[in-house]
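Report on the structure given below.
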Amino acid sequence: MDNKKYKSNINSRAKLLNFIDIKTLKDILDAFTETTGLMANIVDIEGKSIFSRKNLSKCCKFCQLIYSMENGLPRCRSAYKRAGKQAAMFGEPYIFRCPSGLIEWASPIIVEGEHLGTLICGQVLMWKPEEFFWIELREMNQELTSDFTELFKAVEELPIVSASMVRSASYLMYIVANYIMKSGWENYIRTKEIIYQQSLLHEEIENRKNLEDKLPGPSVEYSISAESDLMTKIKLGEEEAARDLFQKLLTDIVLYESSQVSLIQTRLIELSVMISRSAVSVGVPLAVASQENAEIFREIYGETTPEGICVKGQKLLDFFLDEVQKLTKKPSHSKVQEIQKYIQSNFSKNLTLEEIAQAVYLSPSYASRLFKKVQNVSLMEYLTRVRLEEAKRLLRNPQYLIDEIAENTGYDDASYFTKVFKRYEGVTPTQYRKTLQTT
């Protein structure tokens, strides 16, 4: 076996052992044996049992005899390896005859599309042995022994099982084993996510502390403006920027609430509602958003650590970013995406429908119809929204005059800019700036 394949097999076995609680699984298999009289074992992709040698007594007497013979165990392992591959190939239990001539079945253990091991169940008989069976049994095992007395006695102790029971038992163990593996995999992923979230929080907190040592001001401050920036990034589909802002807000929440779990839960729920509304505003169905919110909110309230709560928040953000991205990946959406990018790069200019359409090589009428159909908002209204989001960002900086903000967002006339701003936001730019100063 080459080194690369050897390492792959080792990694598969390590994953198999890492994702399961061996004691729990052994108890389940023992209960299965006690109930059905059928023996069960779990092997890795090389056919080697995950259980220790001391548990060999749980095997049927026939298997114990075969394992004790020279080359008996290696032969069985090779058979389990082949059967496991067949079961994994078909994605369901695989019934086969073992090298000794008896009936067994293999149920694949598959996690995230990777075959990590196999549940082997047997040995059994499916009919009462006749003369030909004993002849065949002798021929198939003559390389292991010349004395068949004990083997024949062991065969007579094996249960005779109907074909329907074999199928039912194989599917039962297939479901049980993969359910346990799925649970183990989910716990493994969750642990990795929490550790990663801990590192992100720690890194951001250390950066804040270093900055606080250099600059005067409050040690902890939650940024309302960052919330608004996050909503803008979500609406515009800027995933990387949205994730960076969200992580900063998570750190703000954890620090601001002094790691009090109930308060962190509440603040994250509030932020999650804002995120979902932003996604809905650009076309994500309300029913989809509501269902996701309900599920994530339950999970958030089920967490007991700041890191666990933050992981659930990240899950919700990822969901809505994916949903927003889906809106731009439907047929004809590539042109809409080009229009959006052009607007985002040129909104400070005095853009017209004709100029935007020409930039993406469409006629004005078709560009207008296509954009409205895909985004459920007119092209020029989208331009206005982009401009106003930028205006709100600039209004947070008192150094900018209203006239300058109007010019920087594509409005030659400051009074017209004020009129448009009030129509969409309900307040004038000056009033909006005052509300920022009081929050």
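Quantities reported herein were computed from a predicted structural model and do not represent experimental measurements.
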Side chain proximity check, Ile309 to Ile300, heavy atoms < 4.5 angstrom = yes

Atom CD of Glu381: over 12 foreign heavy atoms under 6.0 Å = yes

CD1 of Ile402 to CZ of Phe417: how many Å apart, nearest 0.5 Å?
-> 6.5 Å

Nearest 0.5 Å please: distance from the OG1 atom of Thr35 over to the CG atom of Asp30.
-> 10.5 Å

What distance do Leu379 atom CG and Leu362 atom CG have between them, rounded to the nearest 0.5 Å?
-> 10.0 Å

Assess whether side chain to side chain contact (heavy atoms under 4.5 Å, CB included) is satisfied between Ile339 and Ile343, documenting all intermediate values.
-> CA-CA 6 Å; Ile339 292 172; Ile343 289 175; 3.9 Å; yes

Would you indicate whether Glu355, at its atom CD, is surrounded by more than 12 heavy atoms from other residues, nucleotides or ligands within a distance under 6.0 Å?
-> yes

Distance-minimising heavy-atom pair for Ala106 and Gly84 | CB-N, 4.3 Å

Is there a donor in the side chain of Tyr400 and an acceptor in the side chain of Glu407, or the other way round, less than 3.5 Å apart?
-> no

Check whether any side-chain heavy atom of Tyr67 sits under 4.5 Å from a side-chain heavy atom of Gln64, and report yes or no.
-> no

For Pro429 and Thr418, work out which heavy atoms get closest and say how close.
-> CD-CG2, 3.6 Å

Which heavy atom of Glu104 sits nearest a heavy atom of Cys98, and at what distance?
-> OE1-CB, 3.0 Å

Can you find a heavy atom in the side chain of Phe246 that is under 4.5 Å from one in the side chain of Leu316?
-> no

For the side-chain hydrogen bond (donor to acceptor under 3.5 Å, both in side chains) test, which of Glu240, Gln247, Glu239 pairs with Arg243?
-> Glu239

Please determine which of Lys372, Gln344, Arg387 meets the side-chain hydrogen bond (donor to acceptor under 3.5 Å, both in side chains) test together with Tyr382.
-> Gln344

Tell me, do Ile405 and Lys392 make a side-chain contact under 4.5 Å, heavy atoms counted?
-> no

Mind running side chain to side chain contact (heavy atoms under 4.5 Å, CB included) on Val261 and Thr304 for me, showing each step along the way?
-> CA-CA 7 Å; Val261 169; Thr304 57; 5.6 Å; no

Test side-chain hydrogen bond (donor to acceptor under 3.5 Å, both in side chains), reference Thr232, set Glu389, Arg393, Glu390, output is Glu389

Does OH in Tyr424 sit with more than 12 non-hydrogen atoms of other residues, nucleotides or ligands closer than 6.0 Å?
-> yes

Gap between atom NZ of Lys48 and atom CD1 of Ile50 - 0.5 Å precision = 12.0 Å

Side chain proximity check, Thr251 to Lys248, heavy atoms < 4.5 angstrom = no

Test item: Thr33 side-chain N/O and Leu38 main-chain N/O as donor-acceptor pair under 3.5 Å = yes

Residues in side chain to side chain donor-acceptor pair (under 3.5 Å) contact with Ser49, at least two apart in sequence or another chain | Asn41

Heavy-atom side-chain contact between Met39 and Cys63 under 4.5 Å | no

Leu351 and Tyr342, any side-chain heavy atoms less than 4.5 Å apart | yes

Are side-chain N/O atoms of Thr428 and Thr430 paired as donor and acceptor at under 3.5 Å?
-> no

Between Ser228 and Arg396, a side-chain donor and acceptor under 3.5 Å | yes

Cationic N near anionic O, under 4.0 Å, Glu270 to Arg267 = yes

Taking all heavy atoms of Leu102 and all of Val124, pick out the closest pair and write down the distance.
-> CB-O, 4.1 Å

Quick one: CZ on Phe347 to CG on Asn408, what's the gap to the nearest 0.5 Å?
-> 8.5 Å

Is there a donor-acceptor pair closer than 3.5 Å between any side-chain N or O of Thr409 and the backbone N or O of Ala406?
-> yes

Could you go through the side chain to side chain contact (heavy atoms under 4.5 Å, CB included) check for Leu321 and Ile234 one step at a time?
-> CA-CA 7 Å; Leu321 287 175; Ile234 291 172; 4.2 Å; yes

Would you say the side chain of Glu295 lies within less than 4.5 Å of the side chain of Lys315, judging by non-hydrogen atoms?
-> yes

Taking every heavy atom of Gly117 against every heavy atom of His115, the minimum-distance pair comes out as O-NE2, 2.9 Å

Apply the test side chain to side chain contact (heavy atoms under 4.5 Å, CB included) to residues Leu119 and Trp105: give CA-CA distance (whole Å), side-chain angles for both, the deciding distance (0.1 Å), then the verdict.
-> CA-CA 8 Å; Leu119 194 149; Trp105 53 93; 5.6 Å; no

Heavy-atom donor-acceptor pair, Ser78 side chain to Pro74 backbone, under 3.5 Å = yes

Please tabulate, for the side chains in residues 275-287, all donor-acceptor contacts under 3.5 angstrom to protein atoms that are two or more places apart in sequence or on a different chain.
unit_1: Ser276; atom_1: OG; unit_2: Ser272; atom_2: O; d: 3.4
unit_1: Ser276; atom_1: OG; unit_2: Val273; atom_2: O; d: 2.8
unit_1: Ser276; atom_1: OG; unit_2: Asn293; atom_2: ND2; d: 3.0
unit_1: Ser278; atom_1: OG; unit_2: Met274; atom_2: O; d: 3.0
unit_1: Ser281; atom_1: OG; unit_2: Ser278; atom_2: O; d: 2.6

Aromatic rings Phe96 and Tyr80: how do their planes relate, parallel, tilted or perpendicular, breaks at 30° and 60°?
-> perpendicular

Taking the side chain from Arg433 and the backbone from Leu395, do they hold a donor-acceptor pair closer than 3.5 Å?
-> yes

Could you pull out the closest heavy-atom pair between Glu92 and Pro108, with the gap in Å?
-> O-CD, 3.5 Å

Between atom CD of Gln431 and atom OG1 of Thr435, what is the distance when rounded to the nearest 0.5 Å?
-> 9.0 Å

